[in-house]
Amino acid sequence: MSSTPIAIAYLAELTARIGRLIEDNGAAIAAGADAIEHAARNDGLVYIFGTGHSHMLALEAHYRAGGLALTVPILSSAVMLHEGAVASTVYERIPGAVAPIFARYPIGAKDVLIVISNSGVNAAPVEAARIGKERGATVIAVTSETYSSQAAQGRPRIADIADIVLDNGAPAGDAIVDVPGSELRVGPISTSVGAAMMNAMFAEVAARLASAGSDAPIYLSANMPGAKEVNDALVARYRKRNPHL
């Protein structure tokens, strides 16, 4: 008998869900890759926004070894967790709070905006998706269709606004494993599955650019041979348009 049955159950279910991503989201991943490739070939950028734990996917793509250098996280302490998790939960629900954050980022028609929100209905991500559309960017939502449909109760969802929707398949509440002897559930999946889908798109785009003879802007791990020269050149190329480099 294993001494870690809940851990095993969680990892098995998470693995199974990631294994179904192409079956469940293949067309959306391909469409997202098309949009990002188009942005890359036209010197556009990929902006990424999320609140609460979803902001970690914006950080996942930022200055990432093996990742695309054309990604720009949209970051504001007010909707992140490190300076006040409770306050950020309140702030992300305040209508109009996102506009001043987005004023810092010149998102335009050449760009892609990825908006991450598991529940998909709070004011900040919904307004972010609308701003992206108003500015002419291609908007990709990373969300849970199941959770957002239950949470909406007549409210708009980012899935209804976005051009492309990546469904992380998370249940309402995110957690997927029952705690024996209670009504509690543990083991959230939205971050892991969302990161897998985003990295799948970025990897596809990088391979397409390279196979076409283009210069794929890919960061190297700092400890790899030649990393400093490659990364310094990419930082010099994108620093003026990425305030977080």
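Each of Val90 and Leu81 belongs to its own hydrophobic cluster when Ile, Leu, Val, Met, Phe, Trp and Tyr are linked at side-chain heavy-atom distances under 4.5 angstrom. A single hydrophobic cluster is not seen to contain both Tyr147 and Ile189; linkage of ILVMFWY side chains at heavy-atom distances under 4.5 Å, directly or through other members, places them apart. There is no path of hydrophobic side-chain contacts, each under 4.5 Å, that joins Met56 to Met201. Residues Leu245 and Ile218 share a single hydrophobic cluster, defined by chaining ILVMFWY side chains whose heavy atoms lie under 4.5 Å apart. If you chain together hydrophobic residues whose side chains sit under 4.5 Å apart, Ile107 and Val72 fall into the same group.
Scanning all heavy atoms of the two residues, the minimum distance from Ala28 to Leu166 falls at CB-CD2, 3.5 Å. Heavy-atom minimum distance, Asp111 versus Pro106: OD2-O, 3.8 Å. Closest of all the heavy-atom pairs between Ser221 and Ala227 is O-CB, 3.0 Å. Shortest non-hydrogen contact noted between Gly132 and Leu113 is CA-CD2, 3.7 Å. For the pair Ala212 and Arg41, the tightest heavy-atom approach, listed with the atom from each and the gap, is CB-NH2, 3.5 Å. Pairing each heavy atom of Gly120 with each of Ser148, the nearest pair is CA-CB, 4.3 Å.
Between the Asn168 side chain and the Ala170 main chain, a donor and an acceptor come within less than 3.5 Å of each other. Judged by distance alone, the side chain of Asp174 and the main-chain N or O of Pro188 form no donor-acceptor pair under 3.5 Å. Between the side chain of Asn231 and the backbone N or O of Leu220, at least one donor-acceptor pair lies under 3.5 Å. Under the 3.5 Å distance criterion, the side-chain polar atoms of Thr51 are left unmatched by any main-chain donor or acceptor of Val79. A donor-acceptor pair is defined here as one N or O able to donate and one able to accept, closer than 3.5 Å; no such pair exists between the side chain of Glu92 and the backbone of Asn122. A side-chain donor-acceptor contact under 3.5 Å links His62 to the backbone of His244. Ser182 places a side-chain N or O within donor-acceptor distance of the main-chain N or O of Leu184, the cut-off being under 3.5 Å. Under a 3.5 Å cut-off, the side chain of Thr71 and the backbone N or O of Gly67 do not form any donor-acceptor pair. Arg135 places no side-chain N or O within donor-acceptor distance of the main-chain N or O of Gly108, the cut-off being under 3.5 Å.
Electrostatic pairing of Asp160 and Arg130 does not count as a salt bridge here, judged by no charged N lying under 4.0 Å from a carboxylate O. A salt bridge links Asp34 with Arg208: at least one charged nitrogen is closer than 4.0 Å to a carboxylate oxygen.
Contact check for Asp232 versus Val235: no side-chain heavy atoms found under the 4.5 Å cut-off. Taking the side chain as every heavy atom from C-beta outward, Arg104 and Ile74 never approach each other to under 4.5 Å. Residues Ile6 and Pro180 have side chains in contact (heavy-atom distance under 4.5 Å, counting atoms from C-beta outward). A heavy-atom distance below 4.5 Å is found between the side chains of Ile131 and Val98. Residues Val205 and Leu68 meet the side-chain proximity criterion, which asks for heavy atoms closer than 4.5 Å. Side-chain contact between Ile29 and Glu204: absent, with no pair of heavy atoms (C-beta onward) separated by less than 4.5 Å. Using a 4.5 Å heavy-atom threshold, the side chains of Tyr47 and Val112 count as separate. Using a 4.5 Å heavy-atom cutoff, the side chains of Ile116 and Pro125 are not in contact.
To the nearest 0.5 angstrom, Ile140 atom CD1 is 9.0 Å from Ile48 atom CD1. Taken from CG in Leu59 to CG in Leu75, the straight-line distance is 5.5 Å, to the nearest 0.5 Å. Within the model, atoms OG of Ser144 and CD of Gln150 stand 8.0 Å from one another, a figure rounded to the nearest 0.5 Å.
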- Worked verdict on Val179 versus Val177 for side chain to side chain contact (heavy atoms under 4.5 Å, CB included): CA-CA 7 Å; Val179 177; Val177 179; over 6 Å; no
- Message: Set out, in order, the CA-CA distance, both residues' side-chain angles and the distance that settles side chain to side chain contact (heavy atoms under 4.5 Å, CB included) for Asn118 and Thr143, then state yes or no.
- Response: CA-CA 4 Å; Asn118 193 37; Thr143 188; 5.8 Å; no
- Task: Take Asp43 and Arg241 through the test salt bridge (Lys or Arg N to Asp or Glu O under 4.0 Å) and record every step on the way to the result.
- Result: CA-CA 11 Å; Asp43 199 30; Arg241 295 189 290 163; 3.0 Å; yes
- Go through Asp178 and Val186 one step at a time and tell me if the side chain to side chain contact (heavy atoms under 4.5 Å, CB included) criterion holds. CA-CA 6 Å; Asp178 294 322; Val186 293; over 6 Å; no
- Met80/Ser88 under side chain to side chain contact (heavy atoms under 4.5 Å, CB included): CA gap, chis, key distance, verdict: CA-CA 6 Å; Met80 296 160 68; Ser88 74; over 6 Å; no
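A 6.0 Å sphere centred on NE2 of His38 holds no more than 12 heavy atoms belonging to other residues, nucleotides or ligands. Under a cut-off of 6.0 angstrom, the local environment of NE2 in His53 is sparse, with at most 12 non-hydrogen atoms contributed by other residues, nucleotides or ligands.
Looking at Ile164, Val142, Leu57, Val139 one by one, the single match for side chain to side chain contact (heavy atoms under 4.5 Å, CB included) with Ile114 turns out to be Val142.
Within the 6.0 Å centre-distance limit, the rings of Phe102 and Phe49 are counted as a close aromatic pair.
Listed by first and then second residue, the ring-ring contact (aromatic ring centres under 6.0 Å, His included) pairs that reach into residues 216-240 are Tyr63-Tyr219, sequence neighbours excluded.
Checked by atom type, the side-chain pair Glu60/Asn199 shows a donor-acceptor distance below 3.5 Å. Judged purely by distance below 3.5 Å, without hydrogens or angles, the side chains of Ser117 and Arg157 never pair a donor atom with an acceptor atom. In this structure, a donor-acceptor pair under 3.5 Å is absent between the side chains of Asp167 and Asn25. Between the side chains of Thr138 and Asp163, no donor N or O sits under 3.5 Å from an acceptor N or O.
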